[in-house]
Amino acid sequence: MSYYFCIVGTRDNLLYEADLSPPSTTSAGGAPETESHRTSSVFGFTNALGQWTGGIPLLPTADPSDEVKKEESKFTSASSTTHERHLLQMIAHGSLDSLEDRQFLESNIYFKNLDRIYDWNVSVFLVPCSTCTPAHLDIKFILLHQHKHEEGIRLFLMDVWELWVKIFMNPFQDLDAPIQSTSFDTRIRASAKRHL
């Protein structure tokens, strides 16, 4: 089961994102991108170009050594992880259109299963703002998930709201500035492990 969580600011800018998939999951960015995955070689680059051109090999096929195969697999796994991460970001930001359509028609702050794109369900929590006008777009917590676990998702989003309030009680934290706190990230992951 995979989860992708992001916090989107008032200007639809990304404030925080996390891949909350269990470490054993390999789908949709389940493997964390490390420095060793960022290594590129001529062989990996050629393999990636072959994939982008529809599988047409760019080099004559020869019997590659184990080292070449290892380098190619590193590059393609990093490429697919990066591609999947961009796809998840696109799905999350694409769901903002559906949210804006329903946001002003309903008085909810939690939209469970707001949208479904590919295998991903989109649940959104709008941060309530007592000083904001209805036309002002608030901070949005977006969770992409592949199954319906509504109560756990709602509890997770409520925990995130509490953590978000604690972060923004800091007078030096700007409302639309990216959240770079490691303790915030650790607590988000702990909450995800507990509820999701």
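The shown structure was predicted, so the numbers you read here are calculated from the model rather than taken from an experiment.
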* Stepwise, does the side chain to side chain contact (heavy atoms under 4.5 Å, CB included) test hold for W120 with Q146? -> CA-CA 5 Å; W120 294 95; Q146 294 182 326; 3.4 Å; yes
* To do: Kindly determine whether L114 and I142 satisfy side chain to side chain contact (heavy atoms under 4.5 Å, CB included), including the steps that lead there.
  => CA-CA 10 Å; L114 173 73; I142 300 175; over 6 Å; no
* Asked: Is there a side chain to side chain contact (heavy atoms under 4.5 Å, CB included) between L99 and L126 once you walk through the steps?
  -> CA-CA 10 Å; L99 175 65; L126 294 173; 3.7 Å; yes
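Here A190 pairs with nothing under the side-chain contact (heavy atoms from CB on, under 4.5 Å) rule; sequence neighbours left out. Under the side-chain contact (heavy atoms from CB on, under 4.5 Å) criterion, N113 pairs with N121, S123, H145, K148, E150, sequence neighbours left out. Under the rule for a side-chain hydrogen bond (donor to acceptor under 3.5 Å, both in side chains), the partners of E151 that lie at least two apart in sequence or sit in another chain are R154. For N13, there are no side-chain hydrogen bond (donor to acceptor under 3.5 Å, both in side chains) partners two or more places apart in sequence or in a different chain. With sequence neighbours left out, R116 forms a salt bridge (charged side-chain N to carboxylate O under 4.0 Å, His left out) with no residue at all. Listed by chain and residue number, S181 satisfy the side-chain hydrogen bond (donor to acceptor under 3.5 Å, both in side chains) test with S183 (two or more places apart in sequence, or in another chain). By the ring-ring contact (aromatic ring centres under 6.0 Å, His included) test, Y4 is found to be paired with no residue, residues two or more places apart in sequence or in another chain being considered. For L14, the side-chain contact (heavy atoms from CB on, under 4.5 Å) partners two or more places apart in sequence, or in a different chain, are C6, E17, Q89, H93. The ring-ring contact (aromatic ring centres under 6.0 Å, His included) check on F168 picks up W164, with sequence neighbours excluded. K193 pairs by the side-chain contact (heavy atoms from CB on, under 4.5 Å) definition with nothing, not counting sequence neighbours. Residues passing the salt bridge (charged side-chain N to carboxylate O under 4.0 Å, His left out) test with D185, sequence neighbours excluded: R189.
Residue pairs meeting the ring-ring contact (aromatic ring centres under 6.0 Å, His included) criterion with at least one partner in residues 169-196, sequence neighbours excluded, are Y16-F184.
For I139 against G9, the heavy-atom pair with the smallest separation is CD1-CA, 3.7 Å. Listed here is the closest heavy atom pair of D115 and S98: OD2-OG, 3.3 Å.
Contact annotation: the side chain of V127 never approaches that of I7 to less than 4.5 Å [non-hydrogen atoms, C-beta and beyond]. Counting heavy atoms from C-beta outward, V124 and Q103 have side chains that stay 4.5 Å or more apart. A heavy-atom distance below 4.5 Å is found between the side chains of I153 and Y110. Counting heavy atoms from C-beta outward, F156 and L143 have side chains that approach closer than 4.5 Å.
Atoms CZ and CD1, on F141 and I109 in that order, are 10.0 Å from each other to the nearest 0.5 Å. Interatomic distance, CZ of R187 versus OG1 of T182, reported as 9.5 Å (0.5 Å rounding). Once rounded to the nearest 0.5 Å, the distance linking CG of L144 with CG of D119 reads 12.0 Å. Q180 CD to L15 CG: the interatomic distance, rounded to the nearest 0.5 Å, is 10.5 Å. Distance CG/L87 to CD/E84: 7.5 Å, rounded to 0.5 Å.
I167 and L163 fall within a single hydrophobic cluster, where Ile, Leu, Val, Met, Phe, Trp and Tyr are joined by side-chain heavy atoms under 4.5 Å apart, directly or via other members. Under the 4.5 Å side-chain heavy-atom criterion for ILVMFWY residues, no single connected hydrophobic cluster contains both F111 and L155.
Although no hydrogens or angles enter the test, the distance criterion places no donor-acceptor pair under 3.5 Å between the side chain of S191 and the main chain of I188.
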